[in-house]
Amino acid sequence: MLGGFGLAGPAQADPQWRHGLSLLGQPKYPADFKRFDYVNPDAPKGGLLRLSADGTFDSLNDIIPRGNPAGGLSLIYDTLMSPAADEVATEYGLIAGSVRYPDDFSSVTYRLRPEAKWHDGQKITPDDVVWSFEQTVKNNPRQAFYYSHVKSAAKTGDDEVTFTFDQAGNRELPQILGQLRIMPKHWWTANGPDGKPRDISQGTLEVPLGSGPYKVKQVVPGRSISFERVKDYWGRDLPVNVGTNNFDEQRFEYFRDDTVELEAFKGDQYDFRIESSAKDWATAYNFPAVKQGKVILEEFANRASGQMQAFIPNLRRAKFQDQRVRRALNYALDFEGMNRTLFFGQYKRTASYFQNTELASSGLPEGRELAILEGVKDKIPASVFTTAYENPPQGGEEERRANLREAARLLKDAGWAVKDRKLVNAKGEPFTVEILIANPAFERVALFYKPALERLGITVNVRQVDTSQYINRLRARDFDVILSGWGQSLSPGNEQRDFWGSVAAEREGSANYAGIKEPGIDALIEKVIYASDRDDLVAATHALDRVLLAYDFVIPTWNYPNYRTARWNRFSHPDKLPEYSFAFPDIWWWDAQKAAATGGTQ
């Protein structure tokens, strides 16, 4: 997820070849760099890393949006470029050794490394790149939307591929194409072991051919998948790979229930866990291995992203289309009570779609942000110029009761009335809400919210379904309210169309879960994408955030600025981790001495 700055100017006749791309100026590392600063170039290779995953899987093809693909499949594939973890929105050559584009950003050309090859020894070719792009946009609607401004992909030299865009000025496009996963055309267009042609548009459990640092070792359908390090990996000595991919094997074990998954960690059935539950972080890690130092609990700062997590009403349904109704639902949420009762007071209330980043709006608009908002004044709420967004006041019982009274008033103003203890509209139709969840940990959150809504006369059903059902209902927009969110990078751009754009609102598979369709927001998204420099990007994002908040599209919940992690003490990492990631497991390694003390084996 990246963002871009647009620059105008005449196109160069012969653009220069570059070793890297950055949206914030020049890349930190020079063309002749040997490795990233944050890696240990002498990190030992070896060991087994055991990871966990939720639910199940039924396919090894994660290009298509159907089914449940196995975790870790990105390990077997390379992309054209590779990101740096100590820079924002910066990439360096992987499959592509160099890249160039004209000053107006109307196209981009990647030159492939001649030594890049598939695990079967065949060379990676421009035909593979073109085919990968075509199949990705053909078979994945979300990716098709993401790459919608790419007009064509064509081989333009023995080792060159050129992507031509349908418009100039979008600085992000060259870089997001660097994220394109390259797949082997010769393998996918050949026959499988059964003699039938392979079909990338369908799920499969046949082990696919890749080019990356790992290949699939073993698959137990629905239960586990393991990847083994490719000893003769073609790219192992590239600057972007030095000190990385240090484990001989990575294995993903699947658990259908989060409680069982946590107990499996305690029982040393896998090695590393990111804890998303404040309750479990506070109460579930007081077991002997922690006291003995065999399990390490550690928090890492999240400096690379922001997030809006919220109850998200489906605006495609008439009952949620009145902003007063949505604001009433916000007043009904007793966040302080929830935080105290369920989360041990660990969380803060979210008040921005770009929470905990410099991109979050605050106060009243001024300077560049104000000028941007003035440009779309006729398309956005007037309140953005006069009133800073705030969630309803929180506190004790008095504030909670006052908030419920305000919620009732807003619902009455919106045409709803309580009759026989049920909230109904003018037609006598009851106000019902189904809160759809897949994560069992969210059930207690939804159940905490439920009584307050019922006091307003709303009939509430908390429905938990399995992951497959949840995904299918989400894609079909068959829900009232979900508890979900959107992650944001430090450099937002084209993905904002997928989050909030009108076109995405009715497109199956988009991340516009709420169904937002507002011309003013569409216009502000374009301001973000075509920002001329970092200051303009920040100002445009502030404006977008401010307007999204002004519509009360969602009922914000909680945020936490750190990653809470637990690991069995068998691993080491460089003394100084990169600024924007703790980079596990990419730059960590198996520590034989620690493993021996902990009781682990390779």
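Values below: all heavy atoms of this structure, side chains included; hydrogens, waters and symmetry mates excluded.
Between R546 and E369, at least one side-chain N (NZ, or NE/NH1/NH2) sits under 4.0 Å from a carboxylate O, which counts as a salt bridge. Between D248 and K217 no salt bridge is recorded (no basic side-chain N to carboxylate O distance below 4.0 Å). Residues E249 and R50 are not paired through a salt bridge, judged by the lack of any N-O separation under 4.0 Å between the basic side chain and the carboxylate. Between K527 and D536, none of the side-chain N atoms (NZ, or NE/NH1/NH2) sits under 4.0 Å from a carboxylate O, so this pair counts as no salt bridge. No salt bridge links R181 with D78; every basic N to acidic carboxylate O contact stays at or beyond 4.0 Å. A salt bridge links D258 with R273: at least one charged nitrogen is closer than 4.0 Å to a carboxylate oxygen.
Tested against F163, the residues F133, Y101, F105 include a single ring pair (Phe, Tyr, Trp, His ring centres under 6.0 Å) partner, F133.
Cation-pi check for R349 over Y347 is not met; the charged atom does not lie both under 6.0 angstrom from the ring centroid and within 45 degrees of its normal. Judged by the 6.0 Å and 45° rule, R570 forms no cation-pi pair with W590. Remark: R507 is positioned above the aromatic ring of F145, its terminal NZ or CZ atom under 6.0 angstrom from the ring centre and at most 45 degrees off the axis.
Taking the six-membered ring where the residue is Trp, F272 and F582 present tilted rings, their angle falling between 30° and 60°. The aromatic rings of F571 and F584 lie perpendicular to each other, with more than 60° between the two planes, well past the 30° mark. Aromatic ring pairs are classed by plane angle as parallel below 30°, tilted from 30° to 60° and perpendicular above 60°; the pair F442 and W558 is perpendicular.
With D128 contributing its side chain and I124 its backbone, the two residues share no donor-acceptor pair below 3.5 Å. Between the side chain of D533 and the backbone N or O of D535 there is at least one donor-acceptor pair closer than 3.5 Å. For the pair T90 (side chain) and V88 (backbone), a donor-acceptor distance under 3.5 Å is present. In this structure a side-chain-to-backbone donor-acceptor pair under 3.5 Å is missing from Q250 to S226. Here the side chain of H119 pairs no donor or acceptor atom with the backbone of V230 at under 3.5 angstrom.
Considering only heavy atoms from C-beta on, N170 comes within 4.5 Å of I529 through its side chain. Side-chain contact between Y92 and H19: present, with at least one pair of heavy atoms (C-beta onward) separated by less than 4.5 Å.
For W500 and W486, the distance between ring centers is under 6.0 angstrom.
For the atom pair OG1 (T79) and CG (L94), the distance works out to 5.0 Å, reported to the nearest 0.5 Å. For the atom pair CD1 (I525) and CG (L548), the distance works out to 7.5 Å, reported to the nearest 0.5 Å. Interatomic distance, CG of N139 versus CD1 of I63, reported as 8.5 Å (0.5 Å rounding).
Side-chain atoms of S352 and D545 form a donor-acceptor pair, as typed in the model, at a separation below 3.5 Å.
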Apply salt bridge (charged side-chain N to carboxylate O under 4.0 Å, His left out) to the pair E298 and R564, showing each step before the final yes or no.
CA-CA 6 Å; E298 189 170 4; R564 296 172 292 222; over 6 Å; no
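The side-chain contact (heavy atoms from CB on, under 4.5 Å) test applied to A53 returns Y254, not counting sequence neighbours.
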